[in-house]
Number of protein chains: 2
Amino acid sequence: MLEARLASAAVLKKLLDGTAIKELVTDCNLEANEEGIGLQAMDNSHVALVTVQLEAGEFDSYRCDRNMPLGVNLGSLTKILRCAKDNDVVTLKASDDADSLTLLFESPNSDRVGEYDMKLMDIDQEHLGIPDTQYDATITFSSTEFARICRDLSALGESVKIEVDKQGIRFSSDGEIGNGSVLLKHSAGRGGAPAENKPKVKKETKRDPDDEDGSDADEEDVKPDVDEDDVKPEVDEDEEEYELQDEPEIVEDKPKKRGRAPAKKETNGKATKKVTACKTKDGDEDGEVGVSIILQQSVSLTFSLKYLLNFAKSAPLSKYVTLNMSNEVPLLVAFEFSQGHINYYLAPKVSLAYAIRDL
Amino acid sequence: MLEARLASAAVLKKLLDGTAIKELVTDCNLEANEEGIGLQAMDNSHVALVTVQLEAGEFDSYRCDRNMPLGVNLGSLTKILRCAKDNDVVTLKASDDADSLTLLFESPNSDRVGEYDMKLMDIDQEHLGIPDTQYDATITFSSTEFARICRDLSALGESVKIEVDKQGIRFSSDGEIGNGSVLLKHSAGRGGAPAENKPKVKKETKRDPDDEDGSDADEEDVKPDVDEDDVKPEVDEDEEEYELQDEPEIVEDKPKKRGRAPAKKETNGKATKKVTACKTKDGDEDGEVGVSIILQQSVSLTFSLKYLLNFAKSAPLSKYVTLNMSNEVPLLVAFEFSQGHINYYLAPKVSLAYAIRDL
DNA sequence: TGGATAGCAT
DNA sequence: ATGCTATCCA
């Protein structure tokens, strides 16, 4: 039995309407359980993976007795969410034997009530465990800037090379008409992205903050990297340790696995994760949000712009985006918003070589 | 000889450009006479009928010596109206032997004058007499809300069931992806739609206010149901009597007539009518306009959303829309604006059964 | 932010 | 030919 209430439909609408999820996959399970509502979907070509988590604690009220996989058609869900106005109060309901999900949209003063039942389907979806990876480079900056760069460079070529070093992050693309690159310099001295809009840094749903080594890392706890939590100016050396899950090896949907059935690995539970980047409280709220770069090691990776463009559509959800990269490893593009987060993983383009080899 | 002058082209533009008229019919007669300019058109499938009346008295100047049917192609008229700016002064001219209609568009300060001649055609159009019907349910509410509901529900299914009872009005639709419903609650205590923007409650063009039983109901008088005029909270009982024409029987284009030639009934003249819903002066001007429900009897009817979507495109003409319904009778969707009104009639879907039987 | 249009898919 | 999606414009 699920009953979850959100004060505003805006986030849900943005999540499904604007966003790239439904461009990656048409059907997928919403996983409702005590921790909240999650979603995991890999695109057909197995190059990209998206993960969403809405935290139970961030709902206005939340009740879910047991694990409930709600198989939805994302197009249908999108259509129905379009029937909500941004400031409508949303209630999601599903009974245990649910073959449908009920969405209730109430105007703030309740003089308009929309009730929508969406048929659910059985989706045999493997749930990937995504270990919490330590990345060599973590860059947090304006999400609209990110969208802008992807858009700009997509005018030139189909892929973008992203290079990060101590100086900054460089996006570059080549094509018939020429080539271009955008360099974002590390906002030295300033702390990069302010905490604002990267909501409540930690709001442990049920685990306590230091219980992070759980063998079954089904906790998608928002508790980050305590050390870089505050005003500490980013450094490029290696003392920026994330709290690491016990599985340092790389994501399931890694390039090498392409072409085969995706690894079914239920062990890690929901396995959403959050590599929260540094956030400092200092200034530049408004326009300039700064560029925060945390670097273990320089990285250089190439990605499909088509996917990044899609990912960037999530920009309305958050003022900031965090790019997490290690060489030869899928990029993680993470947006955090008040009720949760959305993470996109994208295999680097070199991976295609492996994939072809594997075929 | 017709010469009619409007201070602003905006209404004309909205009437023909945004609106659904030209989606229902391609050619039709504009009927100019002393009462103003009218239009009546039935769509090809004879399911929907639209009626427009521009009151002579609401023009800045109006002169029309005799009945003049001006056969226009609505696409052409639309194209020409697009040549007017919203605040242009419009003058319509046609001579008695007119085979063309002249439209004059003058900028407010007269430093730009556009003159357009549109070829007219002979259209052998039967003019339907539409008796003033007493409806079991009359609902007045925000026209944009109406448009929104039609749009939302059309994502789900092809038809909408409209149910009205004392509590409110419910629109619901079923389809493959699920089903949905929107309930608007009667704005109890508040007066429903404020008078504002439901223009000049009565502006008797030439008849005097109490001469409403005119056998030829060509008067489209806005004088309503005096009793419910003000702060009086709506009641659901039957004292809400409309002023009734002498023909209580039902509209010509009733379901049973479908498939045959529409009844030609010139007796009632133009036969526009107005079942003006209650309007009170009290509050909530801005966002919430309230929902006024006047109910003789609960109704439940099903309509094609495709048509309602079209009708709803007239929302820019008025802040309010009025739905008039009786069971088994065509719905009347009425918009009133400063210069007149536009009425859409739509046969309920049950009619299709009759229609098929009639075939 | 919402509406309109044009292109693509069914 | 129609409906839907995606992009563009107001």
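Keep in mind that this is a model prediction, so the values were computed, not measured. Within every chain, numbering begins at 1; the chains are lettered A, B, ... in the order of the sequence lines, protein sequences first and strands thereafter.
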Salt bridge between [X] and [Y], side-chain N to carboxylate O under 4.0 Å?
| X | Y | value |
| --- | --- | --- |
| D152(B) | R82(A) | no |
| E23(A) | K313(A) | yes |
| R112(B) | D88(B) | yes |

Name the pairs: protein N/O against N/O of nucleotides 8-10 of chain C, kept only if under 3.5 Å.
none

Any N/O pairs under 3.5 Å between the protein and nucleotides 2-10 of chain D? List them or say none.
unit_1: dA6(D); atom_1: OP1; unit_2: E23(A); atom_2: OE2; d: 3.3

| said: Can you confirm whether or not the ring centre of Y116(A) sits under 6.0 Å from the ring centre of F105(A)? | reply: yes
| said: Do S143(B) and S318(B) pair up side chain to side chain, a donor and an acceptor below 3.5 Å, judged on atom types alone? | reply: no
| Can you tell me if S8(A) and N87(A) form a side-chain donor-acceptor pair at under 3.5 Å? | no
| Mind checking whether F141(B) and F146(B) have parallel, tilted or perpendicular rings, split at 30° and 60°? | perpendicular
| note | Here the distance between atom P of dG3(C) and atom CG of D152(B), to the nearest Å, is 11 Å
| message | Measure CG/N310(B) against P/dG3(C) and give the value in whole Å, please. | response | 15 Å
| Qualifying residues under ring pair (Phe, Tyr, Trp, His ring centres under 6.0 Å), relative to Y344(B), sequence neighbours excluded | F311(B)
